[in-house]
Protein chains: 2
Amino acid sequence: MCKEGSFSGDGDGKGTRPMDPDKPVTAAAGGAADMIAKLQSYKQAGASLDNCPIRDVLGQIGDKWSTLLLITLGERSHRFGELRRAVPDISQRMLTQTLRDLRRDGLVSRHVHPTVPPSVEYRLTSLGHSLLEPLSHLTRWADAHHPAIRAARLAFEREVA
Amino acid sequence: MCKEGSFSGDGDGKGTRPMDPDKPVTAAAGGAADMIAKLQSYKQAGASLDNCPIRDVLGQIGDKWSTLLLITLGERSHRFGELRRAVPDISQRMLTQTLRDLRRDGLVSRHVHPTVPPSVEYRLTSLGHSLLEPLSHLTRWADAHHPAIRAARLAFEREVA
DNA sequence: CAGCATCCACTGTGATACTG
DNA sequence: CAGTATCACAGTGGATGCTG
């Protein structure tokens, strides 16, 4: 299993970057190599990769609604109903549940205003906010390469057919 | 692209974003704001967010095995059996299926060597390789903040109890 | 308004056995 | 070796109705 306090097995420190917000993106290959090396160390550390950070985080934000809510809350804090309207095709069940999971992981905080019609405000915690930046790299990639992916899918369909 | 940052000058009445004092959002806002603006434009473009790039990509790499395989293949190309050994707890069914999906999206290519015992080599395409970099930002974040997340989960458990 | 409870369909995942 | 096929099951997500 994964280690507790020190997440990187390496002692050289090249893998431990303490979330500098304006880190240069130039660490392209470096970042990837880092990631690969990290994975290797996980494999050696524990037999199971089930609870390694990568899985843990991706399992969460990889679900259907988390990122959408995270980004929406990244704009500004929203009330429950606002979120429903902001993400129209989410069911109220999933909104509640996803918010709960996000809250559970410390990414979102919940603030109840004791008014007569209850009013609950959700907003990103600092942790949640810090996730937006790495997430944006991914969404930027997704955006940039989405046409390529769709093209690949079409090509694949033809290929199999 | 991404010029539609209209929300930045929001000027809405509640523009006062009560921010956690320990986390200035300044630097992260660059990429993140872009992402937020993009989401806004998606919402306006189509009624459904189902097929927006973010969902499309995250839905793929958010599954249980894709990232693991992507990173593993990022190290070097692997044969089928090598991948099984490299990711011990994947079932052969899921390995096949995930590889197929990855291939479908043009992230991985498949090369059959017509030897007597069939030998198939999988490797990242350039598209797949390009995904490694943004992905590494996320894994780095995951790694760095995993303790915080686990702490939040523990705190949450206590809180509800 | 915000949220919970229930029922239900679909999909992702795994175990096992079989094939080219 | 590199798959495919079948079955079984758990988790996810949607629809609906109810509550404080």
Side-chain angles (χ1 to χ4, degrees), chain A residues 47-51 55-56 58-69 72-73 77-105 108-123 156 159-160, chain B residues 14 47-51 55-69 72-73 77-105 108-123 156 159-160:
Chain A
S48 161
L49 292 170
D50 266 342
N51 34 18
R55 288 287 265 302
D56 212 350
L58 284 178
Q60 173 62 40
I61 72 164
D63 72 357
K64 200 173 181 184
W65 304 107
S66 288
T67 52
L68 234 35
L69 292 181
T72 301
L73 288 175
S77 67
H78 282 65
R79 290 180 45 190
F80 190 86
E82 285 182 316
L83 283 172
R84 285 185 73 166
R85 287 185 292 276
V87 187
D89 48 349
I90 194 176
S91 69
Q92 167 250 40
R93 178 195 201 280
M94 277 301 108
L95 179 53
T96 301
Q97 181 174 308
T98 306
L99 283 173
R100 207 178 48 92
D101 290 343
L102 257 23
R103 209 152 63 87
R104 191 178 80 102
D105 285 5
V108 163
S109 60
R110 182 173 178 272
H111 306 268
V112 182
H113 299 175
T115 56
V116 173
S119 160
V120 181
E121 183 190 356
Y122 289 91
R123 65 164 174 257
F156 191 78
E159 183 181 333
V160 215
Chain B
K14 58 200 310 184
S48 159
L49 291 170
D50 267 343
N51 35 18
R55 288 287 268 299
D56 212 349
V57 168
L58 283 179
Q60 173 62 40
I61 72 165
D63 73 357
K64 199 173 180 182
W65 304 107
S66 289
T67 52
L68 234 35
L69 292 181
T72 301
L73 288 174
S77 66
H78 282 66
R79 290 181 46 190
F80 190 86
E82 284 183 317
L83 283 172
R84 285 186 72 166
R85 286 185 292 277
V87 187
D89 48 350
I90 193 175
S91 71
Q92 150 260 43
R93 170 182 156 66
M94 278 301 106
L95 180 53
T96 301
Q97 181 174 309
T98 306
L99 283 173
R100 208 178 52 89
D101 291 343
L102 257 23
R103 207 151 66 85
R104 191 177 84 101
D105 285 5
V108 162
S109 60
R110 182 175 179 271
H111 307 268
V112 182
H113 299 175
T115 56
V116 173
S119 160
V120 180
E121 184 190 355
Y122 290 91
R123 64 161 169 262
F156 191 78
E159 183 180 335
V160 220

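Each chain gets a letter, A, B and so on, in the order the sequences are listed, and its residues count up from 1. Keep in mind the model is a prediction, meaning the values are calculated, not measured.
The CG atom of L99(A) sits 11 Å away from the P atom of dA2(C) (whole-angstrom rounding). The separation between M94(A) atom CE and dT11(C) atom C1' is 14 Å, rounded to whole Å. Remark: P of dG3(C) and NE2 of H113(A) are 12 Å apart, rounded to the nearest angstrom. dC1(C) atom P lies 16 Å from atom NE2 of H78(A), rounded to whole Å. Remark: C1' of dA2(C) and CZ of R85(A) are 12 Å apart, rounded to the nearest angstrom. For the pair F80(A) CZ and dG20(D) P, the interatomic distance rounds to 17 Å; values are reported in whole Å. If you measure from atom CG of D63(A) to atom P of dG12(C), you get 14 Å, rounded to the nearest angstrom. When rounded to the nearest whole Å, the span between CG of L83(A) and P of dG3(C) equals 10 Å.
Applying the side chain to side chain contact (heavy atoms under 4.5 Å, CB included) rule to Q92(A) yields the partners F80(A), R84(A), T96(A); only residues at least two apart in sequence or on another chain are considered. The side chain to side chain donor-acceptor pair (under 3.5 Å) search around D63(B) returns S66(B), not counting sequence neighbours. Legend: residues meeting side chain to side chain donor-acceptor pair (under 3.5 Å) with R79(B), ordered by chain and number and at least two apart, are S119(B). Residues that satisfy the side chain to side chain contact (heavy atoms under 4.5 Å, CB included) test with S109(B), not counting sequence neighbours, are H111(B), R123(B), T125(B). In this structure, the side chain to side chain donor-acceptor pair (under 3.5 Å) partners of R93(A), at least two apart in sequence or on a different chain, are Q97(A). In this structure, the side chain to side chain contact (heavy atoms under 4.5 Å, CB included) partners of V112(B), at least two apart in sequence or on a different chain, are R110(B), V120(B).
Contacts of R84(B) with the nucleic acid, taken as non-hydrogen atoms under 4.0 Å apart, are absent. As judged by a 4.0 angstrom heavy-atom cut-off over every strand, R100(A) is placed among residues making no nucleic acid contact. Residue-level contact check: T96(B) touches the bases, meaning some heavy atom is under 4.0 Å from a base atom.
Heavy-atom minimum distance, L73(A) versus Y122(A): CD2-O, 3.4 Å. The two residues I61(B) and T67(B) come nearest to each other via the heavy atoms O-CG2, 3.3 Å. Residue S77(B) comes nearest to E82(B) through the heavy atom pair O-OE1, 4.2 Å, listed as atom of the first residue, atom of the second, then distance. Across all non-hydrogen atoms, the minimal contact from T72(B) to H78(B) is O-CE1, 3.3 Å.
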List, with names and distances, any nitrogen or oxygen atoms from the protein found under 3.5 Å away from nitrogen or oxygen atoms belonging to nucleotides 7-9 of chain C.
none

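Taking only distance into account, the side chain of Q92(A) meets the base of dC4(C) through a donor-acceptor pair shorter than 3.5 Å.
With distances taken from any side-chain atom of Y122(A) to the nucleotides dG3(C), dT13(C), dG3(D), the minimum falls on dG3(C). Closest to the side chain of R79(B), out of dT13(C), dA2(D), dG13(D), is dA2(D). In this structure, of dA15(C), dC1(C), dC1(D), it is dA15(C) that holds the atom nearest to the side chain of S91(B). Here the nucleotide nearest the side chain of P118(B), chosen from dC1(D), dA17(C), dC1(C), is dC1(D).
A close approach under 4.0 Å does not occur between any side-chain nitrogen or oxygen of K64(B) and OP1 or OP2 of dG11(D).
Over its length, the helix from dC1(C)-dG20(D) to dG20(C)-dC1(D) turns its helix axis by 40°, as judged from the five terminal pairs at each end, rounded to 10°.
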